[in-house]
Amino acid sequence: MSLGTAGQEVNAKKFQVFIGTGDTNEWALIQNARVLVSHPIFREPTTNGGVVTYTGAPDNSISGTVLFTRDSWNTATNGFNALLAVANGEVSGKTWNVKFTDVTQTSAIVRLTFTNCKLSSVDISKSVEGAVKADIQIVCPGEPATATS
């Protein structure tokens, strides 16, 4: 992923995940964040002994671990309880965006915005020592919009 200047690394502290399109609903306590931008490739044999490949629909996801708090479950619009609520047989889709800032923390920013994403799972666990954590998986079925500034 190019951030303008060749070889400019992304600052790990500035790999930010937000619910919505702006910078107001950051998942500030996310650890081990992963963004998978993917298109499955299928191989089909042909009658002449060759292989043809077909590209499938986008299969994108955002995942990571967040520190589990009472607020992370109960927050009205962006808590796990609200994000997992089922209406008409479906979990509601939300816009999620991921912001990458370079190590200079100047203006080299790439933002991937995914629409109609659904929180697929929240796996809450207690480690031997330390905090209770929740591993999250968000499914993003469409192509991300990319913005660079």
Side-chain angles (χ1 to χ4, degrees), residues 1-5 7-44 53-149:
M1 174 179 314
S2 172
L3 290 175
T5 306
Q8 195 65 273
E9 297 88 6
V10 172
N11 182 341
K13 290 182 180 179
K14 289 297 182 174
F15 177 144
Q16 298 166 284
V17 178
F18 301 89
I19 298 176
T21 56
D23 290 349
T24 56
N25 293 313
E26 181 179 3
W27 280 50
L29 302 176
I30 196 163
Q31 304 168 359
N32 306 323
R34 289 184 65 171
V35 175
L36 175 65
V37 180
S38 171
H39 288 90
I41 306 295
F42 303 98
R43 296 182 185 97
E44 293 289 330
T53 59
Y54 297 97
T55 302
D59 187 18
N60 307 313
S61 64
I62 302 168
S63 62
T65 303
V66 295
L67 296 177
F68 185 75
T69 64
R70 193 172 55 217
D71 291 344
S72 66
W73 184 265
N74 289 326
T75 303
T77 18
N78 297 324
F80 295 134
N81 192 32
L83 293 172
L84 289 170
V86 175
N88 298 322
E90 289 288 327
V91 171
S92 297
K94 293 250 186 203
T95 297
W96 289 70
N97 77 82
V98 182
K99 181 178 170 183
F100 304 95
T101 305
D102 72 13
V103 293
T104 64
Q105 297 188 35
T106 57
S107 62
I109 296 169
V110 170
R111 185 184 301 270
L112 299 176
T113 302
F114 299 90
T115 58
N116 200 30
C117 297
K118 298 179 180 187
L119 182 61
S120 172
S121 65
V122 177
D123 180 3
I124 303 166
S125 62
K126 178 187 131 355
S127 59
V128 177
E129 301 251 346
V132 174
K133 296 183 179 184
D135 294 319
I136 59 169
Q137 180 75 28
I138 299 122
V139 175
C140 304
E143 295 289 352
T146 305
T148 306
S149 61

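Sequential numbering from 1 along the given sequence is applied to the chain's residues.
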Closest non-hydrogen atom pair, Pro58 against Glu143:
CG-OE2, 3.4 Å
Just one of Leu119, Asn78, Thr115, Ile138 clears the side-chain contact (heavy atoms from CB on, under 4.5 Å) bar with Lys94, so which one?
Asn78
Taking Pro144 as the fixed residue, which of Ile62, Asn97, Asn60, Val98 is the one that meets the side-chain contact (heavy atoms from CB on, under 4.5 Å) rule?
Asn60
In this structure, CH2 of Trp73 is separated from CG of Asn81 (nearest 0.5 Å) by 5.5 Å
Answer whether the closest heavy-atom distance between the side chains of Glu26 and Phe18 falls below 4.5 Å.
yes
Quick check: do Ser72 and Val66 have side-chain heavy atoms less than 4.5 Å from each other?
no
Going from OG1 on Thr113 to NZ on Lys99, what distance comes out if it is rounded to the nearest 0.5 angstrom?
11.0 Å
Would you please test Lys118 and Glu90 for salt bridge (charged side-chain N to carboxylate O under 4.0 Å, His left out) and show each step?
CA-CA 9 Å; Lys118 298 179 180 187; Glu90 289 288 327; 2.8 Å; yes
Any Phe114 side-chain heavy atom under 4.5 Å of Val37 side chain:
yes
Looking at CZ of Phe80 and CD1 of Ile124, how far apart are the two atoms once the value is rounded to the nearest 0.5 Å?
7.0 Å
Interatomic distance, Phe100 atom CZ to Gln16 atom CD [nearest 0.5 angstrom]
10.5 Å
Where is the tightest heavy-atom contact between Cys117 and Cys140, given as atom of each residue plus distance?
SG-SG, 2.5 Å
Atom CG of Asp23 and atom CZ of Arg111: how far apart are they, to the nearest 0.5 Å?
4.0 Å
Tell me, with the steps shown, if His39 and Asp59 meet side-chain contact (heavy atoms from CB on, under 4.5 Å).
CA-CA 6 Å; His39 288 90; Asp59 187 18; over 6 Å; no
Measuring only between side-chain heavy atoms, which start at C-beta, is Ile30 closer than 4.5 Å to Phe15?
no
Separation of Leu83 CG from Ser120 OG (nearest 0.5 Å):
12.0 Å
